[in-house]
Amino acid sequence: MLRPRAGGVAIVLVPLPTVLAVRAARYGGDTPLDNLEIANIPDPVAGPGEVLIAVGAASLNHHDLWTLRGVGSRPLTEPQVLGCDAAGTVLAYGESEVPDGAPPLGSAVVVYAVMTCGRCAACRSGDELHCPRVGLLSEPPYPGTLAERLVVPVANLVRLPAAVDLVAAACLPTAYLTAYRMLFVRAGLRPGQRVLVHGATGGVASAVIVMAAGNGLTVFATSRDEAKRRTAVELGATAAFTTDRDSVKQVVAASDGGVDAVLDTVGEATWDFSLRVVRPGGTVVVSGATSGPNPPAQLNRIFWRQLTIAGSTMGTREELARVVELCATGRLHPLVDSVRPLSAAAEAFAALAGGERHGKLVLEPGG
Ligand SMILES: NC(=O)c1ccc[n+]([C@@H]2O[C@H](COP(=O)([O-])OP(=O)(O)OC[C@H]3O[C@@H](n4cnc5c(N)ncnc54)[C@H](OP(=O)(O)O)[C@@H]3O)[C@@H](O)[C@H]2O)c1
Ligand SMILES: [Zn+2]
């Protein structure tokens, strides 16, 4: 654009390149979905140690709703691009050469969403979730994944085998990784054991059902909704129950004295149920508190029945690679509710907030 100026000298205004992104323009309020906007943001540029990715598919998580509500692990003030999950193609590295061991340009990759310092003892030992500077994509100061292009550290790439497409891969980094760690690391479940998960068609819950059933576990689910209970069974649950107190006896009977583990992301609304249906000596794994974080703890029940309460968050990069491997070998097919272009983000968020989705909501920023 040329703008003439007195004296005949022209100032040349070169517009900065931009990309489309879905972001929270503000936080909180009675209708958090109104905080959502699709905006042009500066095209990101990879610096040293970083990689630029063309995002082919990105999925939504309940975490994005928490952000719109203004709930986060760090203060939210400026507009923030949403999204923890992305899969796409490597466009450029911050260095002129491809870094040692990194995927070549043009490779399909999935992005590990956990941000760490990469230097501390925890990071060096592969236990990066205990890094004192741990953060998550879409939490300040990190970018979100619901954008046409994304810059992340090279260390956050996991290369995709040809058998795993971008839509499936975009489901993995939060819901499926969280489900994997809860089931196989924190609860330590083995084939033949019994597990109950609350919720049937939510992101984490559906991931748990699909993953547990596909790996030799007997899985039970709960849901407040009859249609969702049917879906849980279609996904591979042996049976699905209401969350009423009356269902406790039915679960204990169906699991021959109680399940080996309960996976609870609901919190206050289901905590009592969880403590009652787990077998003596069993484990309750907690990785969320959608309905509230402060149920009565019932310490007497915990010590008398010798229960283990285990917190769980996301998973390691190595565990994400194992989840990708499960997909590549056909032992895991992520449940996708729908795939929409980025421009239809508002519809996808309405489905997330309304809870009427069956599986992961995926956006295709390039679509
Ligand atoms: N720590 C981590 O690393 C991590 C990772 C992922 C998610 N999370 C957390 O886990 C939770 C679930 O995430 P998501 O993405 O799976 O969410 P989502 O797709 O929105 O699912 C929410 C689930 O919670 C159930 N639910 C909600 N309120 C309930 C209530 N009052 N009583 C019973 N069930 C209720 C719903 O089941 P029905 O409608 O079928 O009853 C649904 O399955 C969120 O709080 C999220 O922040 C944590
Ligand atoms: Zn660290």
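Computed from a predicted structure; not experimentally measured. Both ligands and their constituent atoms are indexed starting at 1 by order of listing.
Atoms of ligand 1 lying under 4.0 Å from at least one heavy atom of Thr178, given by number and element, are 3 (O), 5 (C), 6 (C). Close approach to Ser291 involves these atoms of ligand 1, each under 4.0 Å from a residue heavy atom: 31 (N). Near Ser312, meaning under 4.0 Å from any of its heavy atoms, are these atoms of ligand 1: 1 (N). Remark: ligand 1 atoms within the under-4.0 Å shell around heavy atoms of Thr290 are 11 (C), 12 (C), 27 (C), 44 (C), 45 (O). Residue Ser223 approaches ligand 1 through these ligand atoms, each under 4.0 Å from one of its heavy atoms: 38 (P), 40 (O), 41 (O). Applying the 4.0 Å criterion to heavy atoms of Val204 picks out, from ligand 1, the atoms 6 (C), 7 (C), 16 (O). Atoms of ligand 1 found under 4.0 Å from any heavy atom of Val266 (numbered from 1 in listed order, with element): 24 (O), 25 (C), 26 (N), 29 (C), 30 (C), 32 (N), 33 (C), 34 (N), 35 (C). Close approach of ligand 1 to Ala200 is summarised as follows: ligand atoms under 4.0 Å from at least one heavy atom of the residue are 40 (O), 43 (O).
Ligand 1 does not have Gly267 within reach: every non-hydrogen atom of the residue lies 4.0 Å or more from it. Put simply, no part of His198 is less than 4.0 Å from ligand 1, judged by heavy atoms. Ligand 1 has at least one atom lying under 4.0 Å from a heavy atom of Thr174. Distances from ligand 1 to the non-hydrogen atoms of Arg357 include at least one value under 4.0 Å.
A pairwise comparison of heavy atoms in Thr67 and Tyr27 identifies O-CD2, 3.0 Å as the closest pair. Contact detail for Ala200 and Ile209: the closest heavy-atom pair is O-CD1, 3.6 Å. Ala113 and Met314 make their closest contact through CB-CE, 4.0 Å (heavy atoms, listed as atom of the first residue, atom of the second, distance).
Residue Ala269 has no nitrogen or oxygen atom sitting less than 3.5 Å from a nitrogen or oxygen atom of ligand 1, judged on distance alone. Residue Trp66 has at least one nitrogen or oxygen atom sitting less than 3.5 Å from a nitrogen or oxygen atom of ligand 1, judged on distance alone. For ligand 1, the polar-atom distance check against Gly203 finds a nitrogen or oxygen pair separated by under 3.5 Å.
Protein non-hydrogen atoms do reach within 4.0 Å of atom 9 (C) of ligand 1.
Of all protein heavy atoms, the one lying nearest to atom 3 (O) of ligand 1 is Met314 N, 2.7 Å. The protein atom (non-hydrogen) at minimum distance from atom 23 (C) of ligand 1 is Gly202 CA, 4.7 Å.
Scanning Ala175, Ala113, Gly199 for the heavy atom closest to atom 43 (O) of ligand 1 points to Gly199. Taking only non-hydrogen atoms, the option from Ser287, Ala207, Ala205 nearest to atom 48 (C) of ligand 1 is Ser287. The residue from Arg181, Glu268, His62, Glu356 that puts a heavy atom closest to atom 17 (O) of ligand 1 is His62. Counting only non-hydrogen atoms, the option in Arg224, Met182, His63 that gets closest to atom 41 (O) of ligand 1 is Arg224.
In this structure, Arg149 contributes its side chain and Thr18 its backbone to no donor-acceptor pair below 3.5 Å. A distance-only check finds no donor-acceptor pair linking the side chain of Thr174 to the backbone of Cys84 [under 3.5 Å]. Side-chain N or O atoms of Thr89 include none that pairs as donor or acceptor with a backbone N or O of Gly106 at under 3.5 Å. Remark: the backbone N or O of Ser247 is not paired with any side-chain donor or acceptor of Asp244 at under 3.5 angstrom. At distances below 3.5 Å, not a single donor-acceptor pair connects side-chain atoms of Glu319 with backbone N or O atoms of Thr178. Remark: the backbone N or O of Lys228 is paired with a side-chain donor or acceptor of Asp225 at under 3.5 angstrom. Counting only distance, with no hydrogens or angles, the side chain of Arg186 and the backbone of Ala310 share no donor-acceptor pair below 3.5 Å. Looking at Thr145, its side chain does come within 3.5 Å of a backbone N or O of Gly83 through a donor-acceptor pair.
In summary, of the residues considered (Thr290, Thr222, Thr270), a side-chain hydrogen bond (donor to acceptor under 3.5 Å, both in side chains) with Asp264 occurs for Thr270 alone.
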Trace of the side-chain hydrogen bond (donor to acceptor under 3.5 Å, both in side chains) decision for Thr243 with His198: CA-CA 8 Å; Thr243 47; His198 293 297; over 6 Å; no
Stepwise salt bridge (Lys or Arg N to Asp or Glu O under 4.0 Å) test for Arg230 and Glu234: CA-CA 6 Å; Arg230 278 197 300 274; Glu234 282 160 23; 5.6 Å; no
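Angle subtended at the Zn ion (ligand 2) by Cys120 SG and Cys117 SG: 110°, rounded to 10 degrees.
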